[in-house]
Amino acid sequence: MTASVDFPTRVLWVVRRIPTGRVSTYGDVAAMAGRPRAARAVGNIMRKCQRADVPCHRVIAAGGRLGGYGGREAAKRAMLAAEGIVVSRNTVREFRRVRWRGARSSAR
DNA sequence: TGGTTGACGGTGG
DNA sequence: TCCACCGCCAACC
């Protein structure tokens, strides 16, 4: 299904669907892109595909870690804080529980 | 064509 | 609670 779309394209697609005030993890994004084990690859794609269309700052690592942001983790955290998001172990757990409420259906 | 790197994830010590 | 090791996947040299 939807094999006509490349993995990196799917990743950008999923990340672009992350609503404001909501975050997701690399693993979750990878899973929605069709590769639950490609969290690493997702990070690679994000690093190279830094676009204004893609809120890459809303993608964080699991365990309450930001992961990275070209060495600007502080800036990433500040952007999330501006949206009312405080990155913590609990944050990941909370958003992972509800995800985007049906956004998954559109992502497929 | 093959090996290494990297914005990760999870488990173990 | 923090650090280290192993496993997975895609891009780059």
Side-chain angles (χ1 to χ4, degrees):
Chain A
M1 52 172 88
T2 59
S4 45
V5 183
D6 296 310
F7 177 67
T9 304
R10 281 198 194 181
V11 172
L12 299 176
W13 192 19
V14 173
V15 175
R16 223 163 37 185
R17 261 153 191 76
I18 303 177
T20 308
R22 192 86 40 164
V23 295
S24 187
T25 64
Y26 294 96
D28 282 354
V29 173
M32 297 215 208
R35 291 286 190 266
R37 318 252 157 152
R40 239 166 155 172
V42 171
N44 256 351
I45 296 164
M46 305 305 267
R47 178 155 84 96
K48 202 193 163 198
C49 297
Q50 294 176 5
R51 290 182 67 160
D53 305 56
V54 183
C56 43
H57 64 274
R58 287 183 199 149
V59 184
I60 60 176
R65 274 197 251 260
L66 288 175
Y69 198 67
R72 294 160 219 258
E73 294 184 25
K76 184 175 182 178
R77 191 163 188 148
M79 277 198 274
L80 294 172
E83 294 184 6
I85 303 171
V86 181
V87 181
S88 329
R89 277 76 60 190
N90 188 35
T91 306
V92 177
R93 208 161 84 176
E94 280 260 319
F95 285 106
R96 259 193 165 180
R97 185 173 181 135
V98 297
R99 295 208 175 177
W100 314 329
R101 298 253 185 159
R104 200 159 164 235
S105 303
S106 298
R108 292 180 68 185

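Chain naming here is simple, since letters A, B, ... match the order of the sequence lines and numbering starts at 1 in each. Any value given below was found using the heavy atoms of this structure, including those in side chains, with hydrogens, waters and symmetry copies removed.
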Which pair of heavy atoms, one from [X] and one from [Y], lies closest together, and at what distance?
{"X": "A38(A)", "Y": "A30(A)", "result": "C-CB, 3.7 Å"}
{"X": "F7(A)", "Y": "A33(A)", "result": "CE1-CB, 3.4 Å"}
{"X": "V29(A)", "Y": "S24(A)", "result": "CG2-OG, 3.7 Å"}

What does the B/S/- profile of nucleotides 8-13 of chain B look like, 5' to 3', with a 4.0 Å heavy-atom cutoff to protein? BSS---
So which pairs with a foot in residues 81-94 of chain A pass salt bridge (charged side-chain N to carboxylate O under 4.0 Å, His left out), sequence neighbours left out?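 Every salt bridge (charged side-chain N to carboxylate O under 4.0 Å, His left out) pair that includes a residue of residues 81-94 of chain A, provided the two are not neighbours, is R58(A)-E83(A).
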Any side-chain heavy atom of I18(A) within less than 4.5 Å of one from V15(A)?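 The answer is yes, as the side chains (C-beta and beyond) meet within the 4.5 Å cut-off.
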Test L80(A) against L66(A) for side chain to side chain contact (heavy atoms under 4.5 Å, CB included), laying out the working first. CA-CA 10 Å; L80(A) 294 172; L66(A) 288 175; 3.8 Å; yes
In residues 74-93 of chain A, which ones come under 4.0 Å of DNA chain C, going by heavy atoms?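 The stretch gives none, as no residue of it lies under 4.0 Å from the strand.
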Report each atom pair, protein N/O against N/O of nucleotides 11-13 of chain C, whose distance is under 3.5 angstrom.
| unit_1 | atom_1 | unit_2 | atom_2 | d |
| --- | --- | --- | --- | --- |
| dC12(C) | OP1 | K48(A) | NZ | 2.6 |

For R35(A), all residues meeting salt bridge (Lys or Arg N to Asp or Glu O under 4.0 Å), sequence neighbours excluded: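 Checked R35(A) against salt bridge (Lys or Arg N to Asp or Glu O under 4.0 Å); zero matches.
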When all nucleic acid strands are considered with a 4.0 Å heavy-atom cut-off, which category describes R35(A): base, sugar-phosphate, or nothing?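 R35(A): backbone/sugar contact only, no base atoms under 4.0 Å.
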Is it true that atom CZ of R37(A) has more than 12 heavy atoms of other residues, nucleotides or ligands lying nearer than 6.0 Å?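 No - once you tally the heavy atoms of other residues, nucleotides and ligands closer than 6.0 Å, there are 12 at most.
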Of the listed nucleotides dA10(C), dC8(C), dA7(B), the one nearest the side chain of R37(A):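 Given the options dA10(C), dC8(C), dA7(B), the side chain of R37(A) is closest to dC8(C).
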Is there a path of hydrophobic side-chain contacts, each under 4.5 Å between heavy atoms of I, L, V, M, F, W or Y residues, that connects Y26(A) with V54(A)?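 Same cluster.
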Indicate every side-chain donor-acceptor pair of residues 39-52 of chain A with a distance under 3.5 Å to a residue at least two apart or in another chain.
| unit_1 | atom_1 | unit_2 | atom_2 | d |
| --- | --- | --- | --- | --- |
| Q50(A) | NE2 | R47(A) | O | 3.4 |

